[in-house]
Amino acid sequence: GTDNVRSRTFVDYETVAGGYGARSYRDGMDAVRIHASGAANLPIESLELAYPMQVVRYELIQDGGGPGVFRGGLPVRRDTKMLTEDGTLSMSADRQSMPANGLNGGLAGKPGRFVLNPDTTDEKPLPSVGTGIPLQIGDVVSVSTPGGGGYGDPIRREVNAVFRDVLDGRVSVAESERIYGVIIRGNVLDQGATTIRRKKMKSKTKGSE
């Protein structure tokens, strides 16, 4: 696009971190870029000083990592607003139609997506690969990266590990109960209800085998 303040054109080229897959002995790492040099996280302050853009949202995606005995790493969501009138967008990503699968009973991570003007009446899904998409002043480009796959049956994950994930905001209360069988009420672990819930889930799993 054109930076009208500095009277010059600009190109902002970024890689946005995704979730690392779980290992057989440890959770996957959150927000990982490629295993190569030159792909460090771009600080928001640096971007906003250099380009006519504003980062309006930058966070880990709750429930983005694949559930498992060891959870897949969380992806990120990064929303950037255009502050210039004649911008264009090009993008390329994997794992938007086919998420990263889990292993040994672990579940898939959440797929990624590109969205123009998210959470508004003008919201528009964007393709995983595209070039020359026109952007107007005030448009917001939302990048959600894919999460890592989990390892092992989620029902066997340590209860306290699930509880910590919920307190940290990595896993929602709803997914804690539905996927892991861990009951949390008002940020308090209900050990009795959890034991009952997990027994029911295990019996259903055995019955379907």
Side-chain angles (χ1 to χ4, degrees), residues 16-35 41 57-79 93-115 118-119 123 125 128 142-209:
V16 186
Y20 195 96
R23 287 152 284 182
S24 62
Y25 59 93
R26 188 173 181 178
D27 290 345
M29 292 184 289
D30 302 328
V32 177
R33 281 174 171 73
I34 59 173
H35 296 291
N41 174 60
R57 184 168 180 169
Y58 193 22
E59 63 190 17
L60 294 173
I61 298 175
Q62 188 179 63
D63 296 334
V69 174
F70 296 102
R71 174 183 48 73
L74 269 59
V76 303
R77 174 174 170 176
R78 186 176 174 110
D79 293 5
D94 293 324
R95 297 295 184 190
Q96 292 202 353
S97 59
M98 297 181 64
N101 291 326
L103 293 174
N104 197 31
L107 304 183
K110 191 171 183 177
R113 66 175 188 154
F114 295 130
V115 179
D119 309 319
E123 179 175 301
S128 59
S142 178
V143 178
S144 292
T145 58
Y151 185 93
D153 187 347
I155 199 66
R156 296 194 296 110
R157 183 168 174 80
E158 291 184 1
V159 171
N160 285 334
V162 179
F163 185 42
R164 286 195 301 270
D165 280 345
V166 171
L167 294 181
D168 289 341
R170 287 179 164 83
V171 173
S172 66
V173 172
E175 181 154 303
S176 169
E177 179 174 348
R178 182 176 65 88
I179 302 295
Y180 293 102
V182 176
I183 311 300
I184 299 170
R185 298 188 175 95
N187 289 336
V188 176
L189 173 65
D190 190 328
Q191 189 66 62
T194 295
T195 300
I196 295 171
R197 171 69 174 166
R198 285 196 153 191
K199 283 183 178 179
K200 289 182 178 179
M201 293 176 69
K202 288 178 181 178
S203 65
K204 287 182 179 180
T205 300
K206 290 180 180 180
S208 62
E209 293 177 348

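Keep in mind that this is a model prediction, so the values were computed, not measured.
To the nearest 0.5 Å, atoms CZ (Arg57) and OG (Ser142) are separated by 7.5 Å. Expressed to the nearest 0.5 Å, how far CG of Asp119 lies from CG of Asp79 amounts to 7.5 Å. Between the CZ atom of Arg71 and the CD1 atom of Ile179 there is a distance of 14.0 Å, given to the nearest 0.5 Å. Here the CZ-CG distance, from Arg164 to Leu189, works out to 11.5 Å after rounding to the nearest 0.5 Å. Separation of atoms CZ (Phe163) and CG (Asn187) is listed at 7.0 Å; rounding is to 0.5 Å.
Proximity of Asp63 to Val171: side-chain heavy atoms (C-beta onward) are separated by under 4.5 Å at one or more points. Contact check for Ile184 versus Leu167: no side-chain heavy atoms found under the 4.5 Å cut-off. Annotation: side chain of Tyr180 is not in contact with side chain of Ile155 (no heavy-atom distance under 4.5 Å).
In this structure, Arg23 has no salt bridge (Lys or Arg N to Asp or Glu O under 4.0 Å) partners at least two apart in sequence or on a different chain. In terms of the salt bridge (Lys or Arg N to Asp or Glu O under 4.0 Å) criterion, Glu158 has no residue partners (sequence neighbours excluded). For Asp153, there are no salt bridge (Lys or Arg N to Asp or Glu O under 4.0 Å) partners, not counting sequence neighbours. Not a single salt bridge (Lys or Arg N to Asp or Glu O under 4.0 Å) links Arg113 to another residue, sequence neighbours left out.
Between Gln62 and Ser172, the shortest heavy-atom contact is OE1-CB, 3.5 Å. For the pair Arg157 and Asp165, the tightest heavy-atom approach, listed with the atom from each and the gap, is NH2-OD2, 3.0 Å.
Residue pairs meeting the salt bridge (charged side-chain N to carboxylate O under 4.0 Å, His left out) criterion with at least one member in residues 189-199, sequence neighbours excluded: Arg185-Asp190.
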Under 3.5 Å, side-chain donor or acceptor atoms of residues 95-112 against the rest of the protein: list the pairs with distances, not counting sequence neighbours.
unit_1 : atom_1 : unit_2 : atom_2 : d
Arg95  : NH1    : Met98  : O      : 3.3
Arg95  : NH1    : Pro99  : O      : 3.2

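The environment of Asp94 atom CG is sparse: at most 12 non-hydrogen atoms of other residues, nucleotides or ligands sit within 6.0 angstrom.
Between the side chain of Thr145 and the main chain of Pro75, no donor-acceptor pair closer than 3.5 Å is present. Between the side chain of Thr194 and the backbone N or O of Ile183, at least one donor-acceptor pair lies under 3.5 Å.
Cation-pi geometry between Arg26 and Phe70 is not met at under 6.0 angstrom from the ring centre and within 45 degrees of the axis.
With salt bridges taken as basic N to acidic carboxylate O contacts below 4.0 Å, none links Asp27 and Arg170.
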